[in-house]
Structures are given as structure tokens and as C-alpha cells.
Amino acid sequence: MQAWRVHENGEPGEVMRLEEVDRPTPGPGQVLLRVRAANINFPDALLCRGQYQIRPPLPFTPGVEICGETEGGRRVIANPALPYGGLAEYVVADEAALLPAPEALDDAEAAALHIGYQTGVFGLHRRARLQEGETLLVHAAAGGVGSAAVQLGKAAGARVIGVVGGPEKASVARELGCDLVIDRRTDDIVAAVKEATGGRGADVIFDPVGGDAYAKSAKCVAFEGRIVIVGFASGSVPAPALNHALVKNYSIVGLHWGLYAQKDPASIARCHEQLTKLAAQGAIKPLISERVPLKDAAAAVQRVADGTTTGRVVVVPDGAAR
């Protein structure tokens with residue numbers, strides 16, 4: 001089979017190689033899946049760079065989220081077992097963790113439903129306790145994780161403010177349903193949020209960016225607001241001033257979604273049931289900006305790493321998609 005493999009750490013476009021390799025052999029409790037679609041996530045770029053919290057042995061195949069097919073023909077969503085990642089024609093995955101692919105979504109959409117949307121649900125509801133009528137601020141609102149948070153916020157009855165970089169991404173954020181879009185390149189984020197909320201600020205802030213985005217968040221979070229930290233796509237990990245959190249009475253909460261697979265795996269299955277219902281109702285639908293063939297996967301991962309994409313970029317092996 002064909003698979004992209006990384007033999008040394010570096011930029012995805014430089015270190016990923018498309019090779020002919022043997023199909024992976026399932027271990028105890030695992031199952032072999034044919035890849036129907038593989039969603040690219042920012043962690044795939046971090047894996048290539050050797051900067052992710054998990055460092056699989058070299059050589060490895062990136063790709064942490066797929067829609068696949070069992071030998072019995074069942075469509076499922078899975079997180080491949082590294083080092084045999086999803087940017088390949090076949091993967092192995094833990095059978096107990098397989099989730100049914102929603103009928104309302106095609107293969108590419110189903111592949112993009114899992115990590116980003118689960119992160120959104122756990123971050124907004126379990127960690128931040130978002131309430132109907134509250135104001136939600138989403139950084140990188142046109143990105144993969146951000147676009148999911150926007151849709152989930154609207155489905156929960158929140159007023160959603162999206163922060164983006166550039167007019168193209170601003171247009172995408174408006175189409176997603178943001179009530180207000182702020183272009184961080186031309187607008188004053190803090191002033192715009194305070195003006196839109198009558199000086200109160202945002203009740204919940206969803207931050208997958210870190211760096212300057214966090215600094216701005218701390219200046220426009222509401223009394224008893226919650227800042228949810230879900231990642232550091234900017235490459236800069238902020239050092240919060242806890243005296244500021246004390247004086248303004250806001251909470252800083254972290255979310256490592258992958259930890260729930262170890263600590264509370266049943267909650268992931270319950271969340272998937274909720275997401276499947278929302279997809280069937282048309283309340284959420286992954287924004288797929290590109291569907292690329294397997295041969296173009298390295299360039300696609302590099303574009304995600306560079307932050308030039310909107311929504312989700314999904315790799316579809318030849319002849320696999322429906």
C-alpha cells in the first residue's frame with residue numbers, strides 16, 4: 001500500500017515521503033481499516049516537527065483522524081494507532097474506540113467531525129459551561145477547530161464573535177454564522193468586543209491560538225468569564241498573570257481532549273451521539289475547504305502548518321470517497 005512516512009523531523013513539506021509499504025498488522029484489540037478520508041489536523045504538523053506531546057518512533061505516518069471502512073464494510077470514525085497514521089491507504093485502530101460515521105455526512109465530513117468538534121463540546125460545555133444567551137468569542141474562527149466552536153456555540157444559543165486574520169477568513173466566519181467578525185489585522189479586538197457587549201466583555205473565550213490572542217482575551221473577558229485554552233497554534237505559550245485573573249474574577253481553564261480517552265472514555269461516546277444528532281438536524285456540518293488526493297498530502301499538511309487554510313483540508317485516497 002501507499003503511505004506517507006516521516007524519517008526525520010522537520011517541516012512537513014520537506015520530511016514527508018510517499019512510499020510503498022506493507023499493510024500494518026492489527027495487534028490485540030485492534031482492527032485493520034481501509035482509509036476513506038483522512039482529516040489533516042495541526043498536530044500532524046507538530047508530529048512532523050517533533051513538537052507534539054506524543055513522539056512516535058521514526059519512521060512514522062502522520063494522520064490522527066480518519067473515516068475508514070472495516071473489513072465488513074462498516075463506515076467508522078477512528079484515531080489511527082501511531083506510528084501507522086491516517087495518511088495512508090490502510091491503518092490500524094483500537095476496535096473499542098471506533099465510532100459510527102454519521103449517515104448525514106459524507107466521508108470527508110465524517111473524518112473532520114471527531115477531534116475538532118469533540119474539543120468544541122468538551123471545551124464549551126464541560127469546561128466552560130457555556131449558557132444560552134452568553135457571548136462566546138472564538139479565536140481563529142475560520143480554522144478547523146475554530147469553525148467547529150462557532151457552529152457549536154450557535155447551536156447552544158450563544159451570541160458568537162469570531163476573530164480571524166484577513167478578509168477571506170472574515171467572509172468564511174460570516175458564512176459560518178458569526179454574529180460579529182473581527183479582523184485582527186485591521187481591527188482593535190479589545191475595543192470591538194467591549195463595544196459589542198456594552199463594556200461587559202465575552203463570557204466565554206475559546207482560544208486555540210495562544211500568544212497575543214490570549215493577551216487580548218484577558219483584556220476583554222467578562223466578570224466571571226471563562227477563557228478556554230485548547231492549543232497554541234501561534235507557537236507562543238502565554239504566561240497568564242494570575243493576579244489579573246484574581247482582580248477581574250475570571251477563570252482560565254485548560255482542555256486536553258485526548259486525556260478523556262484515558263480518564264473517561266464513555267464521555268467521548270456520549271459526545272459523539274450528541275454530535276451525530278446535531279449533524280442529522282443540520283445544526284453542524286464540518287467546513288471542508290479542500291479535498292486532496294493522497295499524492296498531495298504533504299503539501300496540504302504544510303499549508304495547515306502555515307495557517308493559510310480555512311476550515312478543514314481532507315485527504316481522500318484515490319477511489320475511496322463516496
Side-chain angles (χ1 to χ4, degrees), residues 1-99 101 107-108 110-112 114-115 144 258 261 288 290-306 309 312-322:
M1 71 166 191
Q2 286 193 315
W4 285 92
R5 297 214 293 174
V6 174
H7 293 263
E8 60 182 358
N9 294 126
E11 286 301 300
E14 299 174 359
V15 300
M16 289 176 59
R17 303 178 193 169
L18 186 58
E19 300 176 346
E20 284 288 339
V21 298
D22 294 332
R23 292 183 186 178
T25 302
Q30 294 183 327
V31 62
L32 181 71
L33 300 174
R34 182 172 70 91
V35 177
R36 296 177 67 104
N39 179 46
I40 297 174
N41 288 269
F42 191 70
D44 293 320
L46 296 179
L47 281 167
C48 291
R49 293 168 175 167
Q51 297 174 347
Y52 197 51
Q53 55 257 43
I54 299 170
R55 298 191 67 172
L58 297 168
F60 68 88
T61 297
V64 296
E65 178 178 41
I66 70 158
C67 174
E69 183 178 329
T70 67
E71 292 183 334
R74 186 162 54 105
R75 283 176 75 232
V76 297
I77 293 173
N79 300 123
L82 297 175
Y84 305 110
L87 299 182
E89 293 179 301
Y90 288 87
V91 300
V92 293
D94 293 335
E95 188 167 17
L98 298 182
L99 298 169
D107 293 335
H114 192 41
I115 296 175
I288 309 300
E290 295 181 66
R291 300 166 191 248
V292 302
L294 186 61
K295 66 181 179 65
D296 295 333
V301 176
Q302 188 64 58
R303 289 197 299 277
V304 172
D306 294 339
T309 60
R312 291 297 190 179
V313 179
V314 180
V315 175
V316 182
D318 294 341
R322 72 172 177 88

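- Atom CD in Gln2 sits 11.5 Å away from atom OG1 in Thr61 (nearest 0.5 Å).
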Next item on the list: Begin with the C-alpha distance, continue with both residues' side-chain angles, and end with the deciding distance and a verdict on side chain to side chain contact (heavy atoms under 4.5 Å, CB included) for Glu69 and Val76.
Entry: CA-CA 6 Å; Glu69 183 178 329; Val76 297; over 6 Å; no
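- What you find for Ala88 and Leu294 is that their closest heavy atoms are N-CD1, 4.1 Å.
- A side chain to side chain contact (heavy atoms under 4.5 Å, CB included) with Ile66 holds for exactly one of Ile77, Leu33, Asn39; it is Leu33.
- Residue Arg5 holds its CZ atom at 13.5 Å from CG of Leu87, rounded to the nearest 0.5 Å.
- What you find for Gly86 and Val91 is that their closest heavy atoms are CA-CG1, 3.7 Å.
- Once rounded to the nearest 0.5 Å, the distance linking CD of Glu290 with CD1 of Ile40 reads 8.5 Å.
- Distance check: Cys48 SG to Glu8 CD gives 11.5 Å after rounding to the nearest 0.5 Å.
- Using a distance-only test at 3.5 Å, with no hydrogens or angles considered, a donor-acceptor pair links the side chain of Asp44 to the main chain of Asn41.
- Between atom OH of residue Tyr90 and atom CE of residue Met1 there is a gap of 9.5 Å, rounded to the nearest 0.5 Å.
- A side chain to side chain contact (heavy atoms under 4.5 Å, CB included) with Val6 holds for exactly one of Glu14, Arg17, Met16; it is Met16.
- No donor-acceptor distance shorter than 3.5 angstrom exists from the side chain of Gln30 to the backbone of Val92, with no hydrogens or angles considered.
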Next item on the list: Apply side chain to side chain contact (heavy atoms under 4.5 Å, CB included) to Ile288 and Arg312, showing your working.
Entry: CA-CA 5 Å; Ile288 309 300; Arg312 291 297 190 179; 3.9 Å; yes
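- Minimum heavy-atom separation, Phe60 to Asn9: CE2-ND2, 4.4 Å.
- Formation of a donor-acceptor pair under 3.5 Å by the Asn79 side chain with backbone atoms of Val64 is found in this model.
- Pro80 approaches Ala78 most closely through the heavy-atom pair CD-O, 3.5 Å.
- Contact record, Val301 with Pro12: CG1-CB, 3.5 Å, taken as the closest heavy-atom pair.
- Nearest heavy-atom pair, Gln302 versus Gly13, reported as atom, atom and distance to 0.1 Å: OE1-N, 2.8 Å.
- One distance of note links CG of Asp107 with CZ of Arg75; it measures 4.5 Å at 0.5 Å rounding.
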